[in-house]
Amino acid sequence: MAESARPGNFLTDIVDADLAAGRVRGPIVTRFPPEPNGFLHVGHAKSILLNFGLAARYGGRAHLRFDDTNPTTEDTEYVESIENDVRWLGGDWGEHLHFASDYFEKMYACAERLVRDGKAYVDSQPQDAIREQRGSFERPGVASPFRNRNPEENLDLLGRMRAGEFPDGAAVLRARIDMAHPNVLMRDPLLYRIRHAHHHRTGDAWCIYPMYDFAHPLEDAFEGVTHSICTLEFESNRELYDWVLDHTGPWDPRPRQYEFARLALGYTVMSKRKLLQIVNEGRVSGWDDPRMPTIAGMRRRGVTPDALRDFADLIGVSKNNSVVDIGKFEFCIRGDLEKRSPRALAVLDPIRLTIADWTGPDEELDLPWWPAEPDRGGHRKVPFGRDLLVERDDFSADPPPDWKRLAPGRDVRLAGAVVVRCEEVVLGPGGVVVEIRCSHDPSSRTGGARRGLGTIHWVHATRSIPAPVRLYDRLFTAELPDAAGNFLDVMNPGSLSSAPGARVEPALRDAAPGTHWQFLRVGYFFADPVESRPGAPVFNRTMTLKDTWASRGAGADRPSAPARSAPRAPATAPATPRRGRTEARADARAGDPVLAALHARLASLPGISAEQADLLSADPGTAAWFDEAVAAGAAPGPVARWLLNELLGLAGEAPLGSLPLRAGDFGRFVSLAESGRTTGAAAKTLLASLLERPGDPAARLAELGLERVDDGAAISAAIGRVLAAQAAEVARYRAGEKKLVGFLLGAAMRETQGKADPAALRRALQEALG
RNA sequence: UGAGGCGUCGUCCAACGGCAGGACUGCGGACUUUGGAUCCGCGUAUGAAGGUUCGAAUCCUUCCGCCUCAGCCA
């Protein structure tokens, strides 16, 4: 699918807006910034596909950048696996393979600049002191005794840190921001720490290393990244990201950080720590164990990049914290493999089937690899004869009425061959079925379908070949392993099983490693790319087939699915009830006589409700703005209503004082809006215009032609046009869908640009509709 | 507790003041030499309450719930 044809999301909305507003003039540049300290997993795949996909959609570029700022945890081994995984997913970074460590010198120069500007200082305190002084959520931090060292001294100290004069932990470089900042990340965050450690790329050239919050924005800026996309947990880091860029720039383009919800997938874990733990403890065979949610594991299992891409498209991108149903992933895997897998015959748990009345010799059936798509071509010989093997599950001595497989006296088709009837069941010791003896219908060889007849798969008893087959299932039995007390307790003991008796048709003997097959009626299998060899194939079950028969039973061999919310951690009740905003304002008034007087005065104004007075007196600035608007001649009630309900929504985050619209003009606007010269809807259009571009409300009203329309003929004409344009909806309305009146009224409102009185319009519309 | 963020069918994502829609799952049916695939059908979801508006999932307010942040990790 072309990138532009993919559905958009909130990030494409942002890029569209940036482009439309001219905020980004050059190409869109994104980046995928892994730390080389582990393997990539399906969550990273979402991010990779998002970043590379976004760049492709806008004809920009995406970089692969290793965020290697912590030498003690990183290794070049991971660099290779990550590059490999990104490339496998289709990520093309062109020339732009970067390493944070390549920027160490430039970053250091930025640090020196901050120091010279008095924006950073060297703190010589131990770690514990710094942590203690940081304060807590409700308690502000306290300043370091070294906070006021002068720039010369700091520069000297920083140079000596770099020169290796201090041991690890003896000093750090800190930004000088605000120790009382409500965002604790802004309380003089660390920029550099001393680490006498060997770096996988820079060797021993450095003994100080930048912290993430300092390094990351600079890396983005150095590379010209326009949209720096990360996950939700970095939301509070954004303020610091912006601070760093604001004090080291100017930057063009100026990178902006945006956050999206990381992927959480049912029945698996995604944290690096937990994945590392199950690898290290030998609970899986390695990072590329096919049960792992790692890209390497999925690749080994037989999942394709296309399936991952389909999955990413299916789940979308948003800021909602959500847990994606693993079934969606399985759906994408099946859908992808369905298209690319030739059909072969294999029996996982064989039981002998003898066609007792088969008198001739063995035959070689010529069967197509694509039974449903003969045009795709490709055939192979499959030996067939008297002695066969079929799936044990495909026989039942006492079947339910709608059983479509083998049972005493029942007919069934052997796929690609003949219809057989079960005549006799041979029991072994303990009463287990050891052989099914059948008769066959020679006339059924060339088709002649019989309705309702089931079909089962088979292989030749002696000329099929044994092959190792591994059956993989979900790694965990709980949908939310992280919510369990210990995620190890909910590991699925049956996540890996083998089929020791499995036999495959002889043509599979030379299956090339890394090829996909559908074992008819069994599932999708992948010739293991590592252990499989021509002549000695080894198969991994990538995914079972959808099984509507089994699913209506007791869930077959699926681990049972407990409720998502089951082992939720108990909510800890806050010691004191949370203080609401109303209460906070009341408290503020109690402690501030000026605010209290303000509130009292506003509350006494005509047409002002207690709630409005409370809101308007939230801070002196808002109140003053309100007063100024009223002073321009408007009635307090309407001013309060327009201000609180409309202006605040239009203004968004911006404080009133920073608006292009002056308070006096707003007051004049309200007078105008209430004068009857225009309608409410048109007034909103006018307000929005005034917010874009300051000006006199009355003049703008005239300029935009937003005067109220009372002309009955004009209204009738507009309704006539709407009814003609919405003929289908009108018909539906007349057929009884009365709720469409709202839709049609909306269309009429737009047709008149909101300038007609809604009540009059509605009357006219009802009349026209009959 | 301070700050930031998020609440739409069972699940994931749309709807950007005007018909709450799609996909997954599930259920039913058709078709079928895979109980697969394919096709058709089936939907009581806007966290709650107020307000603004002709009209609110969308704007305002309050409340509720969930997530993130107090590493010299990223």
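A, B, ... follow the sequence lines: proteins, then strands. Residue 1 opens every chain.
- Note on ring orientation: taking the six-membered ring where Trp is involved, the planes of H216(A) and Y241(A) are tilted (angle from 30° to 60°).
- Remark: the separation of the C1' atoms in A30(B) and A37(B) is 14 Å, to the nearest Å.
- Under the 6.0 Å distance and 45° angle rule, K319(A) does not count as a cation-pi partner of F260(A).
- Evaluation of the side chain to side chain donor-acceptor pair (under 3.5 Å) rule for R238(A) yields E259(A) as partners, not counting sequence neighbours.
- For the pair L545(A) CG and U38(B) P, the computed distance is 11 Å after rounding to whole Å.
- Residue-to-nucleotide proximity on RNA chain B shows that, of E235(A) and L314(A), the 5′-proximal contact is made by E235(A).
- With sequence neighbours left out, the side chain to side chain donor-acceptor pair (under 3.5 Å) criterion links S396(A) to no other residue.
- Going from the C1' atom of C73(B) to that of C16(B) covers 38 Å, rounded to whole Å.
- Note on R763(A): nothing from the nucleic acid sits closer than 4.0 angstrom, heavy atoms only.
- Taking the six-membered ring for Trp and thresholds of 30 and 60 degrees, W458(A) and F384(A) have ring planes more than 60 degrees apart, a perpendicular arrangement.
- Within 4.0 Å of D13(A), counting heavy atoms only, lies at least one base atom of the nucleic acid.
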Each base of RNA chain B marked ( ) or [ ] if paired in-strand (Watson-Crick or G-U under 3.5 Å), | if paired to another strand and . if unpaired gives .((((((..((((....[..)))).(((((.......)))))....(((((..]....))))))))))).....
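- Screening residues 313-334 of chain A for ring-ring contact (aromatic ring centres under 6.0 Å, His included) gives F311(A)-F329(A) as the qualifying pairs, with residues at least two apart or on separate chains.
- With both ends at atom P, the span from A57(B) to C9(B) equals 15 Å, rounded to whole Å.
- For R708(A) and D757(A), the salt-bridge test passes: some basic side-chain N is under 4.0 Å from an acidic carboxylate O.
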Counting primed atoms, P, OP1 and OP2 as sugar-phosphate and everything else as base, the B/S/- map of nucleotides 69-74 of chain B against protein heavy atoms under 4.0 Å is BBSBSB
ring-ring contact (aromatic ring centres under 6.0 Å, His included) between F146(A) and Y121(A), worked out:
CA-CA 8 Å; F146(A) 301 104; Y121(A) 61 97; 8.6 Å; no
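- With both ends at atom C1', the span from A74(B) to C69(B) equals 14 Å, rounded to whole Å.
- Side-chain atoms of R139(A) stay outside donor-acceptor range of the base of G2(B), with no qualifying N/O pair under 3.5 Å.
- E338(A) and K546(A) are not joined by a salt bridge, as no carboxylate oxygen comes within less than 4.0 angstrom of a charged side-chain nitrogen.
- For G18(B) and C13(B), the P atoms lie 22 Å apart once the distance is rounded to whole Å.
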Its contact letters, B for base, S for sugar-phosphate only and - for none at protein heavy atoms under 4.0 Å, make nucleotides 45-57 of chain B read ------BSSB---
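- With hydrogens and angles ignored, no donor-acceptor pair closer than 3.5 Å exists between the side chain of N320(A) and the base of C12(B).
- As judged by a 4.0 angstrom heavy-atom cut-off over every strand, E729(A) is placed among the base-contacting residues.
- Note on K328(A): a base of the nucleic acid sits closer than 4.0 angstrom, heavy atoms only.
- If you take atom P in U58(B) and the same atom in G17(B), they sit 11 Å apart, rounded to whole Å.
- Taking 90° from 0 as the syn/anti boundary, the base of G71(B) is oriented syn.
- Here F331(A) lies in heavy-atom contact (under 4.0 Å) with sugar-phosphate atoms only.
- Between N321(A) and G454(A), the one whose closest nucleotide on RNA chain B sits nearer the 5' end is G454(A).
- Within the 4.0 angstrom heavy-atom criterion, no nucleotide atom of any strand lies near E239(A).
- Comparing the C1' positions of C19(B) and C27(B) gives a spacing of 27 Å, expressed to the nearest Å.
- Looking at heavy-atom distances under 4.0 Å, R187(A) makes no contact with the nucleic acid at all.
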Given side-chain hydrogen bond (donor to acceptor under 3.5 Å, both in side chains), test N320(A) with S322(A) step by step and report yes or no. CA-CA 6 Å; N320(A) 292 347; S322(A) 54; over 6 Å; no
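- The nucleotide whose nearest atom lies closest to any side-chain atom of L740(A) is, among C60(B), C19(B), U33(B), C19(B).
- Of all non-hydrogen atoms in I194(A) and P167(A), the two that sit nearest each other are CD1-O, 3.7 Å.
- A salt bridge between D394(A) and R521(A) is present, with a side-chain N of the basic residue lying under 4.0 Å from a carboxylate O of the acidic one.
- Rounded to whole Å, the separation between the P atoms of U52(B) and U46(B) comes to 23 Å.
- Residue-level contact check: W403(A) touches the bases, meaning some heavy atom is under 4.0 Å from a base atom.
- Minimum heavy-atom separation, T69(A) to A215(A): CG2-CB, 3.9 Å.
- The pair E35(A)-R65(A) does not count as a salt bridge, with every side-chain nitrogen at least 4.0 angstrom from each carboxylate oxygen.
- Counting non-hydrogen atoms under 4.0 angstrom, K546(A) reaches the backbone sugars and phosphates but no base.
- Counting any heavy atom pair closer than 4.0 Å across all strands shown, I315(A) reaches sugar-phosphate atoms only and no base atom.
- For T548(A) and G36(B), the shortest distance from a side-chain N or O to OP1 or OP2 is below 4.0 Å.
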